Structures are given as structure tokens and as C-alpha cells.
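One structure is given below, encoded as C-alpha cells.
A quick note: this is a predicted structure, and the numbers were derived from the prediction, not measured. In this chain, numbering begins with 1 at the start of the sequence shown.
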Amino acid sequence: MKTSRISWIDWAKVLAIAMVVPIHIPQEHGAQPVTYFEVFIVQAFFFYSGYLKKVPNDIKSNLQKYWHGLIVPYLIYNFLFYPYWFAKFYITNHGMPTITEAIKPIVGIFLLQIETMISCGLNSVTYFLVTLLIMHLLLDICHQIKYGKWLMFGFCIIGCILYTLSKYNYFTRELVFVGLFKSIPFYYLGFLCKQYHVFEKVDFKKDLGNFLLTLIISIASFYYHATESNFALHMISFWPTVLFGILAFTFFCKLLDGIHSNIVVNYSNGTMAFIGLHWMIAGTIRYGILRPLFHVPNDYVYSSAEAYLLALVVTLILYPIILFFLKKCPWILGKRTNFANEA
């Protein structure tokens with residue numbers, strides 16, 4: 001059964017995932033506006049994933065959905081990444097990896113990109129899929145038990161506390177766990193917004209006013225957060241900075257609701273390809289083109305303008321790849337045959 005699309009959600013997914021690309025490109029410290037977006041854009045994607053999460057009913061059927069929608073793509077994009085990792089290792093280390101070095105990233109796939117004596121991260125950005133899987137499972141379980149809503153609130157509070165502690169003494173730097181701690185409150189907020197029909201009505205004038213208001217608040221909050229030297233105040237200001245950043249971004253996307261584009265829909269359906277391939281494509285351009293032709297050093301740091309230009313090139317390269325996946329192998333995108341909005 002085909003479900004109707006939410007146009008502004010398509011815009012939100014595409015713009016959010018497109019903004020992740022320059023964030024993952026090495027840039028000058030404090031480069032703007034990348035640093036502003038970096039504070040909230042990944043949490044925005046978790047927010048929209050929560051917004052699109054259907055009310056859990058049958059955990060067994062949900063597990064099948066997660067297998068096809070998250071686990072299979074996670075495995076595919078990591079194994080696709082391995083030849084790139086191997087070539088990059090050879091280029092940057094001027095030689096082949098040892099057997100132990102070559103095996104560590106493969107082990108890392110199954111240890112969720114965790115760095116240990118026997119493993120290392122491979123396609124580390126795919127941590128998003130693992131973190132999202134954990135969030136989905138927590139919500140599914142909580143929805144099945146009495147007082148589960150309060151338990152989810154508890155997980156959100158615990159996440160805030162653990163993220164603050166991890167920033168204070170870095171007791172963990174593993175992306176899966178850090179991402180879970182800092183993002184679960186916004187994932188669950190997105191889910192609640194959908195249940196209480198927040199953002200469902202599109203009113204251009206109201207959305208424009210809300211966008212301008214939340215944008216001003218988010219920029220002011222970001223400036224305070226970025227310049228506050230007191231650790232406690234710095235961390236306390238993090239949460240409203242992210243929240244108002246997400247709200248401003250959401251209201252902006254609602255302003256685009258009346259603009260319908262097949263290109264946006266295709267990109268929206270192909271966000272999994274963005275997650276799985278953008279780092280490899282950017283790296284291939286760096287080591288396969290810029291390094292040999294323009295002698296760009298391995299540790300080169302891009303300017304903000306260069307990062308955005310490279311991100312645009314990556315986005316354009318991804319489009320025909322997404323079209324091919326949609327037509328020939330939608331399972332690589334975590335889909336089967338239905339391309340309606342999905343988390």
C-alpha cells in the first residue's frame with residue numbers, strides 16, 4: 001500500500017544529510033557556517049527518524065524491517081568501503097598493511113566500529129545506522145511495557161548525563177555510544193511530535209515567523225555555547241542550541257513544502273547511499289585526483305568554501321548512483337519496493 005509523502009520531510013532529509021557531507025570533510029578550525037550546522041544537523045536527522053517512526057506494535061515484524069532497513073545496509077556499505085580503506089592505507093603509508101592491520105577493520109564491522117586491540121573503525125559514519133537501530137529497539141520495548149513512556153524519558157535523561165560526562169573526561173569516544181547519548185532525546189522528541197501532530201499543518205506565514213524567531217534564538221544560543229568557557233554552562237547551553245537549531249531547520253524546510261521535485265524525492269529515498277558512500281567518494285577525489293594531479297598533501301585541511309564545493313561534487317556524483325540503486329537494487333538503500341517516506 002502506497003502512502004502519501006510529506007514534502008517538507010523530503011526536503012529536511014535531503015538538506016540534513018547533504019549538510020553532513022561538508023561536516024565530514026577536514027576543514028579549518030572554526031570554519032563557518034559549518035561549525036554552526038555541525039552542532040545540530042546530525043541530531044536533526046535523528047529527530048526526523050523519530051518523527052517518521054511508526055507506533056511500535058509487533059516487535060517481530062519490526063525486527064524484519066530493521067534487518068532489511070538498517071543491518072543489511074550497514075554490512076553492505078562497510079564491505080564496499082573496505083577496498084577504499086585498503087587503497088588509502090597503501091597511499092598514505094607507502095606500503096601494504098600487515099595481515100593484522102588488514103583484519104582489524106573487518107573485525108571492527110562486527111564490533112560496531114569500536115576501537116580495540118583487535119578492531120578499528122572502517123566506514124565509521126555508518127555508526128548512525130547502529131545507533132538508530134538501538135533507539136528503535138528501545139522505543140519498541142518501552143512501548144510494550146507499563147510506564148514505558150516514562151522509561152524512555154529516563155533513557156533520554158541518562159543520555160544527557162552520560163554525554164556530559166563523556167565530554168568532561170572522555171570515558172568513551174566510540175561514535176555509537178556518544179551518538180546514542182547525545183541524540184536519543186531528540187529522536188524521542190521527534191517521535192512525540194508526530195504522535196501529538198506537531199508540524200503537521202503547513203502555514204507559510206506562521207512557519208516563516210517561527211523560522212525567523214527560532215533562527216535568531218539558535219544563532220544566539222550557538223554563539224553563547226561556542227564561547228562559554230565554563231564547562232557546566234557550556235554543556236547546559238548545548239541542549240537548547242541543538243533544539244532551536246533543529247526547530248529553525250524544520251520550519252525552514254516547511255517553507256519549501258509547496259515545492260515538489262522528483263530530484264528531491266529521489267535524493268530522499270537515497271539518503272542511505274549518502275550515509276554509506278559520501279566519505280568514500282570524498283576520499284577518492286582527495287587521494288585519487290587532487291593528490292596526484294595537484295599534489296595535495298595527505299594532511300591537507302580544506303577551507304570552508306572548498307569543503308562546500310567538494311560536498312556539492314559528492315552530492316552530484318551520488319545522484320546517478322541513487323537512481324541505479326532505486327531501479328536495480330533498492331535493498332542497498334534499505335528498501336524493498338515502496339519508496340514512501342521512511343525512517
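No side-chain donor-acceptor contact under 3.5 Å links S268 to the backbone of V264. A donor-acceptor pair is defined here as one N or O able to donate and one able to accept, closer than 3.5 Å; no such pair exists between the side chain of K13 and the backbone of N269. No donor-acceptor pair closer than 3.5 Å links the side chain of Y163 to the backbone N or O of G179. A donor-acceptor distance shorter than 3.5 angstrom exists from the side chain of D203 to the backbone of K205, with no hydrogens or angles considered. For E115 (side chain) and E174 (main-chain N/O), no donor-acceptor pair under 3.5 Å exists by modelled atom type. With hydrogens and angles ignored, the 3.5 Å screen pairs no side-chain donor or acceptor of H225 with any backbone N or O of S221. A donor-acceptor pair under 3.5 Å links the side-chain atoms of N123 to the main chain of G276, judged by distance alone.
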Return a table of donor-acceptor pairs under 3.5 angstrom between the side chains of residues 99-107 and protein atoms on other chains or two or more places apart.
| residue | atom | partner | partner atom | Å |
| --- | --- | --- | --- | --- |
| E101 | OE1 | T98 | N | 2.9 |
| E101 | OE1 | T98 | OG1 | 3.4 |

Enumerate, atom names and distances included, each donor-acceptor pair closer than 3.5 Å involving a side-chain atom of residues 280-291, sequence neighbours excluded.
| residue | atom | partner | partner atom | Å |
| --- | --- | --- | --- | --- |
| T284 | OG1 | M280 | O | 2.7 |
| R286 | NH1 | Y300 | O | 3.3 |
| R286 | NH1 | Y302 | OH | 3.4 |
| R286 | NH2 | N298 | O | 2.8 |
| R286 | NH2 | Y300 | O | 2.6 |
| R291 | NE | N298 | OD1 | 2.7 |

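With side-chain heavy atoms closer than 4.5 Å counting as contact, directly or through intermediates, the hydrophobic cluster containing Y224 also holds L233. Side-chain contacts under 4.5 Å among hydrophobic residues (ILVMFWY), followed directly or transitively, place L316 together with L312.
For K182, there are no salt bridge (Lys or Arg N to Asp or Glu O under 4.0 Å) partners two or more places apart in sequence or in a different chain. Contacts of T116 classified as side-chain hydrogen bond (donor to acceptor under 3.5 Å, both in side chains), with partners at least two apart in sequence or in another chain: S119. Applying the salt bridge (Lys or Arg N to Asp or Glu O under 4.0 Å) test to D257 and every residue at least two apart in sequence or in another chain returns nothing.
When the side chains of ILVMFWY residues are joined at heavy-atom separations under 4.5 Å, either directly or via intervening members, M135 and L63 end up in a single hydrophobic cluster. Tracing side-chain contacts under 4.5 Å through hydrophobic residues (I, L, V, M, F, W, Y), one reaches V178 starting from L162; they form part of the same cluster. Cluster annotation: I216 and V242 are assigned to distinct hydrophobic clusters (Ile/Leu/Val/Met/Phe/Trp/Tyr, side-chain heavy-atom contacts under 4.5 Å, transitive). By the rule that hydrophobic residues join a cluster once side-chain heavy atoms approach within less than 4.5 Å of another member, F294 and L310 end up as members of one cluster. Both F79 and I114 are assigned to one and the same hydrophobic cluster, defined by single-linkage of ILVMFWY side chains at heavy-atom distances under 4.5 Å.
Residue Q43 comes nearest to S183 through the heavy atom pair NE2-OG, 3.1 Å, listed as atom of the first residue, atom of the second, then distance. Smallest separation of non-hydrogen atoms from W279 and L122: CZ3-O, 3.8 Å. The two residues F325 and L277 come nearest to each other via the heavy atoms CE1-CD1, 4.0 Å. Closest heavy-atom contact between L333 and M272: O-CB, 3.6 Å.
Under the side chain to side chain donor-acceptor pair (under 3.5 Å) criterion, the residue pairs touching residues 209-218 are Y36-S218, with sequence neighbours excluded. Screening residues 75-88 for salt bridge (charged side-chain N to carboxylate O under 4.0 Å, His left out), with sequence neighbours left out, gives no hits. Every pair passing ring-ring contact (aromatic ring centres under 6.0 Å, His included) that includes a residue from residues 98-129 is listed here, sequence neighbours excluded: F45-F128, F46-F128. Among residue pairs with one or both ends in residues 234-253, none qualify as salt bridge (charged side-chain N to carboxylate O under 4.0 Å, His left out); sequence neighbours excluded. The list of salt bridge (charged side-chain N to carboxylate O under 4.0 Å, His left out) pairs with a residue in residues 137-160, not counting sequence neighbours, reads K53-D140.
In this structure, N262 places its CG atom where only 12 or fewer heavy-atom neighbours from other residues, nucleotides or ligands lie under 6.0 Å away. At most 12 non-hydrogen atoms from other residues, nucleotides or ligands lie less than 6.0 angstrom from OH of Y223. Other residues, nucleotides and ligands place more than 12 heavy atoms under 6.0 Å from the CZ atom of F231. For Y66, the OH atom sits in a packed shell: over 12 heavy atoms of surrounding residues, nucleotides or ligands are nearer than 6.0 Å. For CD1 of I263, the number of neighbouring non-hydrogen atoms (other residues, nucleotides, ligands) closer than 6.0 Å is 12 at most.
Tested against F251, the residues W8, F199, F204 include a single ring-ring contact (aromatic ring centres under 6.0 Å, His included) partner, F199.
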- prompt: Going through the checks in order, is the side-chain contact (heavy atoms from CB on, under 4.5 Å) test met by F153 and Y188?
  reply: CA-CA 8 Å; F153 276 120; Y188 190 48; 4.2 Å; yes
